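Here is the structure we will look at, set down as C-alpha cells.
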Amino acid sequence: MTPTTTETTAPLRRRLGLVQATALNMIDMVGIGPFVTLPLVMGFMGPHFLLAWLVGAGLAAVDGLIWSELGAAYPEAGGSYKFLKLAYGEKKWGRLMSFLYVWQTLIQSPLVLASGAIGFAQYFSYLVPLPEWWQPKLVAGSVVLLLIVLLYRRIEDIGKLGVMLWVGVLGLMGWLIFGGLTHPNHPVELFPAGGLGSLLSWQDGHLTGLLLSAAMGQAAVKTIYSYLGYYNVCHLGAEIVNPERVIPRSIFLSILGIAALYLLLNWSVGTVIPWQEVQAWQAGAGDKSQFIISVFMERLYGPVAATAATALVLLVAFASLFAVLLGYSRIPYAAAADGEFLPVFAKTHPTKHFPHVSLLILGGVGFVFSLLFKLGEVISAILAMRILVQFVGQAVGLMLLRRRRGTASLPFKMPLYPVPVLVAIVVWLAVFGGIAPAEVTWGTLHFKLYFQLAALVMMLLGTGVFLLWSRRLKRWPFDA
C-alpha cells in the first residue's frame, strides 16, 4: 500500500519556545557524562583539572557561533543534514556530505544512546548490586525501551516533559554545589602553583605547555564529550517558535549555564575529595572514582543522602537520553522527506505528527548497542565519528555558504568572522588527533583500536553505499 500524504509529508509544528529549547539543550548536555568524566579529568590534570573544563567550554562557545548562524538562517528539521547539503551544493557534493552525515547518524546516535544507558546501569549498580554479567545489560536495555515509550507522543507534550526533567537536572546540580560550598575541606584553585600571573607568563610558557600537553588532550576529549548537546535545538529547527532568535539564544544560554554548573560542580567535589585521593583510587584496586558523586554525598551527609543523590544522577542521565533520542530521530526523517534517504524514515504518525518510524529504528539499534559495548570505547568512537563530517565539514561549509550567498539575509552573524570558524577547525582536528586508542583483546588476539582509522573506514563505506545508490537512481555523479 502506498503511504498517505499525512503519513509521509505532514509538516512538523512549531511549538517549542526559548525555555523549552534551552531545557532540551541542557538536559542533553548534562547526562551521565560529567559524573563519569569528572574523576577522569582529575586523574589526567591533577591540580589543573578546572582548566580542562574551561577549554571544553571555550570550544563549545566557538563552535556554538557556527551552529547559531546556520540554525537561525536555516531552521529546519535535521540540523547538520540540511546545513551540509546547502553548503556543498544540493545537487552534487552536498548530496554526498549530507548522506555521509545521515549514514553516520544511523550508527553514532544509537551509540550515544547506548553510552548513556550503559553509564546509567553502572551508577544503578551502586544502588542495586548487579553481580551477573547480564544484569547491567538488562538495565541498560530497559532504559532504552522506556525512552521509546515516553517519546512516542506529540511534540508539545514532550516540551512540557522536557522542562520538568530540566528542573530535576538543576535541582541535583544545585544540591551538589551547595554541599561543596558549605563543606570545603581542601583548597581548589583555577590557576594553582604561582597564581594567574605566573601561569600566563610568556617567559616560562607554563600555560602554553599545559594546554599542548598530552594530559590536556585526553582531558579535553572527556570535557568536550560532556558539553556536546548545545546544538540539539538545531535538529528540532522545524519545531521551534521564532527560530531566528530562539535558536542562537538557547545555544548560548545552555553553554553558559552548563559551563557555570560544571565549574562549580568540579570545584565543590574537589574541595571535599582532593585530586590526589582520586588519582590514588585510580592507581589501586576497587576504584571508587566511578561513583565519585555518591562518595562525595556520603562524606557530607551520610549513606541515605548518597543513595538519594545517586537516584538523582540516574534521573539526569535518563533526561539527557530523552533529549538525545528526540533530536536525532528528526535527522533521518529530514533526509528521507527530501528524497535523499530511505522513504520509510519520512513517515510521520497520522495523529500525533512526529517521525515515529525514525524513532523506533534508532531506538531499536540503540537497544542492541547497549547490550554489546563498553562505555569508554563508545565515548571515543562517538567523538571520532562526529568530528570530520559534522564539525569540521560544517565549519568549512559555513564559509562556502557565506561566499556563495552573502550575509545580507542572515538573521544572526557571528562576530570576528572568520576567526571563530578557523579556530574551531584547528581545535577540532587537534581533538580528533588526540583521541587515544583502545586496547582490545579477543581471545588470544590483542591489538590497539585507533578510532580515527575506524571513522575514516566508516566514511569510505558510506561513500561506497552512496555511489551504489546514486548509480541505481541515476543521480549525480551518474546522471547525464
Side-chain angles (χ1 to χ4, degrees), residues 26-45 49-50 52-53 56-57 111-128 130 136-137 139-140 143-144 169 172-173 176-177 180 215 218-229 258-259 261-270 272-273 275 277-279 281-283 286-298 306-307 309-324 366 369-370 373-383 435-436 438 451:
M26 291 182 73
I27 63 177
D28 188 354
M29 296 166 75
V30 185
I32 200 70
F35 305 115
V36 296
T37 59
L38 186 157
L40 297 178
V41 175
M42 281 187 173
F44 285 125
M45 296 300 297
F49 65 92
L50 288 181
W53 292 95
L111 283 173
V112 173
L113 189 61
S115 70
I118 295 168
F120 183 101
Q122 290 183 358
Y123 254 89
F124 186 79
S125 65
Y126 178 85
L127 300 177
V128 180
L130 305 173
K137 297 181 182 297
V139 173
V143 168
V144 176
V169 169
L172 171 62
M173 299 292 280
L176 297 175
I177 292 168
Q218 291 305 306
V221 168
K222 301 299 184 294
T223 58
I224 290 167
Y225 168 78
S226 298
Y227 279 107
L228 294 180
I258 292 301
L261 289 174
Y262 282 176
L263 288 170
L264 287 171
L265 173 65
N266 278 265
W267 182 89
S268 297
V269 173
V272 176
I273 305 174
W275 61 268
E277 185 175 359
V278 173
Q279 290 184 338
W281 285 346
Q282 294 170 343
D287 183 8
K288 295 181 181 179
S289 67
Q290 60 182 327
F291 302 124
I292 193 168
I293 297 301
S294 304
V295 176
F296 169 77
M297 295 303 289
E298 185 173 354
T307 299
T310 304
L312 286 175
V313 169
L314 297 178
L315 172 64
V316 169
F318 187 85
S320 174
L321 294 178
F322 176 89
V324 165
F369 284 173
S370 70
F373 297 110
K374 297 179 180 179
L375 182 59
E377 298 168 354
V378 170
I379 290 176
S380 296
I382 290 167
L383 281 172
I435 298 175
F451 296 101

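If you're wondering where the values come from, they're calculated on a predicted model, not measured in any experiment. FYI, the numbering just counts along the sequence from 1.
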Show your working on side chain to side chain contact (heavy atoms under 4.5 Å, CB included) between L314 and L127 and close with a plain yes or no.
CA-CA 10 Å; L314 297 178; L127 300 177; 3.8 Å; yes

Please walk me through it: do I292 and V278 pass side chain to side chain contact (heavy atoms under 4.5 Å, CB included)?
CA-CA 9 Å; I292 193 168; V278 173; 3.9 Å; yes

L176 and V269: CA distance, side-chain angles, deciding distance, side chain to side chain contact (heavy atoms under 4.5 Å, CB included) verdict:
CA-CA 8 Å; L176 297 175; V269 173; over 6 Å; no

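Across every non-hydrogen atom of L50 and N266, the tightest pair is CD2-CB, 3.5 Å. Between Q218 and A436, the shortest heavy-atom contact is OE1-CB, 3.4 Å. Taking each heavy atom of Y227 and A259 in turn, the nearest pair found is OH-CA, 3.6 Å. Closest approach of V139 and F124 over heavy atoms only: CG2-CD2, 4.0 Å. Counting all heavy atoms, side chain and backbone alike, G180 lies closest to S268 at CA-CB, 3.6 Å. Summarising the geometry of A219 relative to M45, their closest heavy-atom pair is CB-CG, 3.5 Å, with the distance given to 0.1 Å.
Atoms OG1 and CD, from T307 and E298 in turn, are 8.0 Å apart once rounded to the nearest 0.5 Å. To the nearest 0.5 angstrom, I382 atom CD1 is 9.5 Å from L113 atom CG. Taking CD1 from I118 and NZ from K374, the interatomic distance works out to 10.5 Å, rounded to the nearest 0.5 Å. Note that CH2 of W275 is 15.0 Å distant from CZ of F44, once rounded to the nearest 0.5 Å.
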Contacts under 3.5 angstrom, residues 32-43 side chains, donor-acceptor by atom type, not counting sequence neighbours:
unit_1: T37; atom_1: OG1; unit_2: G33; atom_2: O; d: 2.7
unit_1: T37; atom_1: OG1; unit_2: S226; atom_2: OG; d: 3.0

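In this structure, the side-chain contact (heavy atoms from CB on, under 4.5 Å) partners of V295, at least two apart in sequence or on a different chain, are I273, W281, K288, R299. The side-chain contact (heavy atoms from CB on, under 4.5 Å) test applied to S294 returns Y123, Y126, F291, T310, not counting sequence neighbours.
Counted by atom type alone, T223 and Y262 present zero donor-acceptor pairs between their side chains at under 3.5 Å.
Partner of M173 under the side-chain contact (heavy atoms from CB on, under 4.5 Å) criterion, chosen from L261, I258, L312: L261.
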